[in-house]
Each structure stands twice: as structure tokens, then as C-alpha cells.
Number of protein chains: 2
Amino acid sequence: MGSARRAGTEDSKTRSVLLDATEKLMLEEGYAAVSSRRVASVAGLNAALVYYYFGSMDDLFIAVFRRGAQRSLERQAEALRSAQPLWALWELTHSLTNTALTMEFVALANHRKAIQSEIVSYSQKFRTMQLEVISGVLNGYGIDAQRWPPVTVMLLMSGISRFLLMEEAFGIEVGHAETIALVERHIRQLEGDRRSGPS
Amino acid sequence: MGSARRAGTEDSKTRSVLLDATEKLMLEEGYAAVSSRRVASVAGLNAALVYYYFGSMDDLFIAVFRRGAQRSLERQAEALRSAQPLWALWELTHSLTNTALTMEFVALANHRKAIQSEIVSYSQKFRTMQLEVISGVLNGYGIDAQRWPPVTVMLLMSGISRFLLMEEAFGIEVGHAETIALVERHIRQLEGDRRSGPS
DNA sequence: GTCTATAGCTGGATAGAC
DNA sequence: GTCTATCCAGCTATAGAC
């Protein structure tokens, strides 16, 4: 199931230090700054270890992505178990914690097939999980699935959120407050006021 | 006003051949594939000419961006003069012609300040132009600007469109048809059926 | 497991001939 | 304006010592 890792155990200390260093570099300087030498330098280790543990730079990227995606998936599962799932989902997708990293991977995947298919595969897991809950919720609230298909509500929430975050990354925030207010007004119509904040 | 171009006239044949080659490379292989040697090879010219005409690779990228943005700006101005400006705008932002290139620049700009500020600056021009027309249109249709602020309508149209295109670039199209239908239903409520297709 | 050393490549950028 | 030649930097990846 995993990529063709050359060696090293899954729970090796060194391995996770390398993953941490890569993640840090991606967030602070972008994926283009990630090289075996730079990663090693941040980790305080030797560059050859990257190849010992991951085999190639592509496999290192994939390992970082999988670790982050798995964590997010668990956070999403928890959010969807909330008593106000739409509120919880909105707050989660709109929290910038892991979004910056995701955007970095999207950019990286633009022309690297291995990473692209990894993103697509995880994205389906996220969507399937969301759709199941949103369908039930909207149905419970008596929403006409013809006029507001659950899959559309799901795409709108994810899409608007990601778009706003992308703009914010560029320092553009014109109209954001009004748009967020509009989304939250709709959520409030269904779930009432938000009762407990994000975890 | 322009960047510190070393030499060459603005309307030089060689200069525009280099711009064409860069654009082609970005679209087909991504910005990471753009190097002076590769550009020259595609253009059938010598690599040193890139530096003669543009000074640096960053300035080459900026020149390509400006040329494309200027063209898009003119196309948008034309669309907004349509008798059905919302339809025209939606069709324009949802046409993938120049969007693939834009996404490439967004990725490139992630950590290159010069290009980022170029994008921000042009993005403001696009938005100002859109907002002016959308405000007038919504007002003319008697839309409550409190519930549906023009700036929000503008962001929703741009955001949904770009998000769908990003997903399509990854081969993900679940729920897209339903979402597009929903947007177009709203546009139809205001402007009626689309009368003439995109140019 | 961790290191040094190195092969082999590609890139940005410039000098200078023509 | 266009070209050749070249410098120097940085990268991936591997071999092999410890």
C-alpha cells in the first residue's frame, strides 16, 4: 500500500523529524525551497538520510501529504459528529491551519502526477464523508434536494472557503466579511446560532 | 513604469516569440519547466536573448503575465458591455482559455513577491471593473443590497468558477453540473435566458 | 543508521566575438 | 541583435566508509 520506501521503520524518530522539517520548509518558504540539503539542514541531519528513508524527493512529499491528510481526515470526522455539523464543517474548512499546506500541495501537484493522484484519492475520502453527513442533515431540515442538492451545498461551502483563503494569502480581503456573513446567515437558518466554538 | 528591461523594443518580433514560447511551456509543462534554455529551444532562438530582452527570468514571467492580463482585461470590458452582463461575465470566468495560465501564475506567485504584487495589482483592476457593473445591474433588478451585497455576488461568481476549474484540472467533477445549474438558475431569474453565446 | 564524497546534470547569468 | 563559451551555484541520487 505504501510507496517503495527503501528502509526505516514507520515510527522512526529520524523519519518524523525529516517530515517535520519538510512541512516547516513548505509552509515558510514554499515547496520550491524543499531540497534534500535544505530539509537536512532544518532537521539538523544529513542529506543522504532523506534518500535512506524515503527513496526520492517525490516520495518524501507524498509522505508529508499523507500524514497531514490523515490528521485532517480525523479532524473532519470529529467535526461531522458535532450537534451542528454544518457549523463545525464551515469552521473547519475555514480554519487556515492546514489549508496553507494543502494549497502548497495543489501547486506542487500541478505537473507532478504521483502527487496529483494522491490528492485526488484523499479528496474523494473527504468528500464522501462530507456528503453522507450533509445529505442527512439537509434532509432532516426538510430542504428540497432538487433545488439545493447536497453535493452542491458541499461544493459551495468548500469552494467559497478555499477561494477566500487563497485570496487572503495574497492579502486581498475585499468583500470577504460580507461573503462570510452571507454563508453564516444561511447556516444559521438551518442550525441556529453556533453553540460551541471550534475545538 | 515597466520593469528594468535591458534592451529591445516593446514591439520586437523576437521579444514576442520569446513570450509565446514561455506561455506555451507554462501551459504544457508548468512554470517549473520554464528556463532560459528551454524557452530558447521552443522559440528556436538563443538562450542569451532572454536576458538581453528581459534581464532576468522573473522579469520574463512578469512580462508574460502582463500581456495576458491586459488581453483578459479587454475581454472583460467587452463582456461587461453586454446586454446580459451577468451571463457574459459568468461565461467568461468559466471559460478555461486563460484560466489555466492564471492558475500557473498563482502557483508561481506563492513565494515570489514580485509576481505576487503584479497579480494583486491586476486583480484589483478586474474587480473594480466588475463591481461597478454588477452594482448597477443588481440595483436595476431591484435586488436588496443588504441581503445580497454586489461585492458578495461578484466574489461568489468568481470564486465558484475558479474553484470548479481547479477541480476539473485534477479530473474531479462530482457535483459540478448541479452547481453550475444552480448558479445559472439564479442568473436566469435576473436576466432571463441567455440570448447570444460567448464570442 | 548515519556520515562523506562524488558523479552527473541543469540552471541563472555574464563576457565578449561577430 | 544574435551567437558561443563559460563561471558558478544548486540539485538528485548513489557508493561506500564507519
Side-chain angles (χ1 to χ4, degrees), chain A residues 3-22 24-26 28-65 104 107-109 111-115, chain B residues 3-22 24-26 28-65 104 107-109 111-115:
Chain A
S3 54
R5 204 177 56 262
R6 297 286 170 84
T9 53
E10 193 71 34
D11 56 350
S12 149
K13 169 76 178 168
T14 301
R15 188 170 188 275
S16 84
V17 167
L18 289 172
L19 291 174
D20 291 342
T22 307
K24 187 172 187 220
L25 262 175
M26 288 184 79
E28 290 176 1
E29 302 186 45
Y31 72 85
V34 175
S35 68
S36 54
R37 285 169 167 84
R38 296 274 276 125
V39 168
S41 157
V42 171
L45 293 170
N46 187 280
L49 287 174
V50 170
Y51 300 98
Y52 176 76
Y53 279 97
F54 301 98
S56 75
M57 293 306 292
D58 260 39
D59 286 328
L60 169 62
F61 278 122
I62 289 176
V64 172
F65 177 79
E104 210 61 40
L108 177 59
H111 295 274
R112 315 256 293 235
K113 293 173 204 161
I115 291 163
Chain B
S3 54
R5 203 175 58 261
R6 298 285 170 86
T9 52
E10 193 73 32
D11 56 351
S12 148
K13 168 77 177 168
T14 301
R15 189 170 187 275
S16 84
V17 168
L18 290 172
L19 292 175
D20 292 341
T22 307
K24 187 172 187 221
L25 262 175
M26 289 183 79
E28 290 177 1
E29 303 186 44
Y31 72 85
V34 174
S35 68
S36 55
R37 286 168 170 84
R38 297 273 274 125
V39 167
S41 156
V42 170
L45 294 169
N46 189 279
L49 287 174
V50 170
Y51 300 97
Y52 176 76
Y53 278 96
F54 301 98
S56 76
M57 292 306 291
D58 260 38
D59 287 328
L60 169 62
F61 278 122
I62 289 176
V64 171
F65 177 79
E104 211 60 41
L108 177 59
H111 296 272
R112 315 258 291 237
K113 292 174 205 159
I115 291 165

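Chain identifiers are assigned alphabetically (A, B, ...) following the order of the sequence lines, protein sequences preceding nucleic acid strands; residue numbering begins at 1 within each chain.
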Checklist entry - Does the pair A:L19 and A:Y53 meet the rule for a side chain to side chain contact (heavy atoms under 4.5 Å, CB included), with working shown? => result CA-CA 10 Å; A:L19 291 174; A:Y53 279 97; over 6 Å; no
Item to check | A:T22 side chain vs A:L18 backbone, donor-acceptor pair below 3.5 Å | outcome: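 Checked: pair present.
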Using whole Å, what does the distance between atom [atom2] of nucleotide [N] and atom [atom1] of [X] come to?
{"X": "B:L49", "N": "C:dA15", "atom1": "CG", "atom2": "C1'", "result": "15 Å"}
{"X": "A:L45", "N": "C:dG1", "atom1": "CG", "atom2": "P", "result": "13 Å"}
{"X": "A:L18", "N": "C:dG1", "atom1": "CG", "atom2": "C1'", "result": "12 Å"}
{"X": "B:D58", "N": "C:dA13", "atom1": "CG", "atom2": "P", "result": "8 Å"}
{"X": "A:F54", "N": "D:dT14", "atom1": "CZ", "atom2": "C1'", "result": "18 Å"}
{"X": "A:M57", "N": "D:dG10", "atom1": "CE", "atom2": "C1'", "result": "13 Å"}
{"X": "B:Y51", "N": "C:dG12", "atom1": "OH", "atom2": "C1'", "result": "4 Å"}

Checklist entry - Are A:M26 and B:H111 close enough, and set up right, to give a side chain to side chain contact (heavy atoms under 4.5 Å, CB included), and what steps lead you there? => result CA-CA 10 Å; A:M26 288 184 79; B:H111 296 272; over 6 Å; no
Does the side chain of [X] get closer than 4.0 angstrom to OP1 or OP2 of [N] through an N or O atom?
{"X": "A:T14", "N": "C:dT2", "answer": "yes"}
{"X": "A:Y52", "N": "C:dC3", "answer": "no"}
{"X": "B:S35", "N": "C:dG11", "answer": "yes"}

Test of understanding: with side chain to side chain contact (heavy atoms under 4.5 Å, CB included), list the residues that count as partners of [X], not counting sequence neighbours.
{"X": "B:A48", "value": "B:N46"}
{"X": "B:A40", "value": "B:A47"}
{"X": "A:R38", "value": "A:L25, A:E29, A:A33, A:S35"}
{"X": "B:A32", "value": "none"}

Checklist entry - Any side-chain heavy-atom pair from B:F65 and B:I115 closer than 4.5 angstrom? => result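 Answer no - side chains too far apart.
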Checklist entry - Can you tell which of D:dT2, C:dC3, D:dC11 lies closest to the side chain of B:Y53? => result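 Of all the options, the side chain of B:Y53 is nearest to D:dT2.
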Each nucleotide N or O in nucleotides 4-8 of chain D that has a protein N or O under 3.5 Å away: list the pair and distance.
unit_1, atom_1, unit_2, atom_2, d
D:dT4, OP2, B:N46, ND2, 2.9

Item to check | Residue pair B:Y51 / B:S56, side-chain donor-acceptor N/O under 3.5 Å | outcome: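 Judged by distance alone, the side chains do not pair up.
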Item to check | the helix from C:dG1-D:dC18 to C:dC18-D:dG1: angle between end helix axes, five pairs per end, rounded to 10 degrees | outcome: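 Rounded value for the end-axis angle: 0°.
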